[in-house]
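Per chain, numbering begins at 1; letters A, B, ... match sequence-line order.
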Protein chains: 2
Amino acid sequence: MTVRGDAELIARAGHLFAGARHEFVCAARDLDTWSQPEAREAISGRMHADGTAGFVVRKLLTPSALADEASRRHLNEITAAGGRVRISSAPLPHETIIIDRRVMILASPEAPGPREFTVTTSPALVSGVHALFLAAWDNATDLAAYLSGDRPHLDDDNRAVLRALGAGYTDETAARGLGLSVRTYRRRVAELMATLEADSRFQAGLRAGELGLTG
Amino acid sequence: MTVRGDAELIARAGHLFAGARHEFVCAARDLDTWSQPEAREAISGRMHADGTAGFVVRKLLTPSALADEASRRHLNEITAAGGRVRISSAPLPHETIIIDRRVMILASPEAPGPREFTVTTSPALVSGVHALFLAAWDNATDLAAYLSGDRPHLDDDNRAVLRALGAGYTDETAARGLGLSVRTYRRRVAELMATLEADSRFQAGLRAGELGLTG
DNA sequence: GCCGGGGTGGCAGCTTGTTGCCATCGCATC
DNA sequence: GATGCGATGGCAACAAGCTGCCACCCCGGC
């Protein structure tokens, strides 16, 4: 089934949004669709109605979804309501929505004129795409982690320390290389570890590696 | 269009395989379908016919596809012929094939009886799934990197040690938790570090993080 | 000049990690 | 049963890392 334009999507498929029972997943480049108040209402209503019990909302987006303030606010609302948001560095389809693993809604590739949406219920299609979604989801980073905190802004000093640690130098060698006393170098390391919330140097390395802080 | 069983798939959709011109991508848990000689022939024939020019083969698989020797051999053949193979740690659909971004073939979820395949040509569906595939692809690791060297095969022991280190325990605590003596635990850590070619625990953590060895 | 705060570095004492050495144990082989 | 091999664990000595304490220096404000 194919519908043209947002209005028709709401008219013809709005009940699908409202009828979501267990799961609502969405992969998209940004939040365009969600500017449509009707769809948003339907889902957020459902989220609030069921509380957290058994209803899962997952949104997988690209960093461009964080471009404007309104989108960030909306995403924060979602997470506040128990939804989960992740950011993928890979390009994503313009819009893919899967409801309860039964219905799938795909937006057409970018084209002039009103957007087209395809609504599918074929179990093979839906479950196949759902699995692919999970694969993409698994490797994306949590919004909270992506935004603030976890990828802390490291100044040049910290970066230098990180590089020294990553090079495998002893504190002695590293401190000499950086023109610091061992005491200060260790202070820096301790600060870095605090920033990364690591209890051990190993853990700090792990976090640094996970966050791709090597460069 | 839905077909039942491998034989019918070949009969009804074999020409699609043979007609692939630009791209052949495939996401699957393992290589079951490829036990079908006809489909394999069609694609490998195409691959050899065109050489590397303009024809791309991509296979995204789970580690379980590497379980038996025959599969590994086949994957090596693919890469030797210019195809690209990656391994994803996330679960994947039972089988998803996209040809030239125009045709998509999905296997039904596991069920008794012959497998069902759904063949779709809807541009919206195909391009949407293709984008999801790319997102999953982007975050998977190359077969070569996965197999040899880069991602060393860690046995359960090593994994346990890795987890303990990642948890930030002291050696004392970790050893007790694993039911080992501190001496042996440290031996394990030393082995792990040797495997990761790390000079310090920090470096080991860094490597582990980079290689996604956390899970 | 005087003061106070922040970053630095030396020192000391402690914890943690690293490694070699050797005794022991289980196990398979001879 | 004897032998050898690999894995283990205790011990010890050393290296490395961690941190509190204090002295120092630089700088900006009083």
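- The distance between atom CD of A:Glu172 and atom C1' of C:dG10, rounded to the nearest whole Å, is 13 Å.
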- prompt: Can B:Ile97 and B:Val25 be said to form a side-chain contact (heavy atoms from CB on, under 4.5 Å), step by step?
  reply: CA-CA 6 Å; B:Ile97 295 169; B:Val25 307; over 6 Å; no

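- Closest to the side chain of A:Ser181, out of C:dG10, D:dT8, C:dG17, is C:dG10.
- At the phosphate of C:dG9, OP1 or OP2 sits under 4.0 Å from a side-chain N or O atom of A:Thr184.
- Distances were taken from every side-chain heavy atom of A:Val189 (C-beta onward) to each of C:dG9, D:dT8, D:dC18; the shortest belongs to D:dC18.
- Taking the side chain of B:Arg188 as heavy atoms from C-beta on, and the options C:dG9, D:dA7, C:dG17, the nearest nucleotide is D:dA7.
- The side chain of B:Arg201 has C:dT18 as its nearest neighbour among C:dG10, D:dG9, C:dT18.
- A:Tyr185 places its OH atom 13 Å from the C1' atom of D:dC18, with the value rounded to the nearest Å.
- Summary of the strand contacts: B:Met193 and B:Arg187 both lie near DNA chain C, and taking for each the nucleotide with the nearest heavy atom, the more 5' one is attributed to B:Met193.
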query: Given the rule in the salt bridge (Lys or Arg N to Asp or Glu O under 4.0 Å) test, do B:Arg201 and B:Asp171 qualify, once you have shown the distances and angles that lead to the verdict?
result: CA-CA 12 Å; B:Arg201 289 196 180 196; B:Asp171 290 7; 2.8 Å; yes

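- The nearest whole Å value for the distance from the CZ atom in A:Arg176 to the P atom in D:dA16 is 11 Å.
- Checked options A:Lys59, A:Arg101, A:Arg84; the residue passing with A:Glu23 is A:Arg101 (criterion: salt bridge (Lys or Arg N to Asp or Glu O under 4.0 Å)).
- For the pair A:Asp199 CG and D:dG17 C1', the computed distance is 15 Å after rounding to whole Å.
- Summarising the geometry, the separation between CZ on B:Arg186 and P on C:dT19 is reported as 11 Å, rounded to the nearest angstrom.
- A heavy-atom distance below 4.5 Å is not found between the side chains of B:His130 and B:Met104.
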- request: Decide yes or no on salt bridge (Lys or Arg N to Asp or Glu O under 4.0 Å) for B:Arg207 and B:Glu197, but give the supporting numbers first.
  value: CA-CA 9 Å; B:Arg207 297 242 195 293; B:Glu197 296 176 60; over 6 Å; no

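- Atom CD in B:Gln203 sits about 15 Å away from atom P in D:dA16, given to the nearest Å.
- Between B:Phe202 atom CZ and C:dG17 atom P there is a gap of 16 Å when expressed in whole angstrom units.
- Atom pair B:Leu165:CG and C:dT18:C1' shows a separation of 14 Å (rounding to whole Å applied).
- Of the listed nucleotides (D:dT8, C:dG20, C:dG9), C:dG20 has the atom at the smallest distance from the side chain of B:Arg183.
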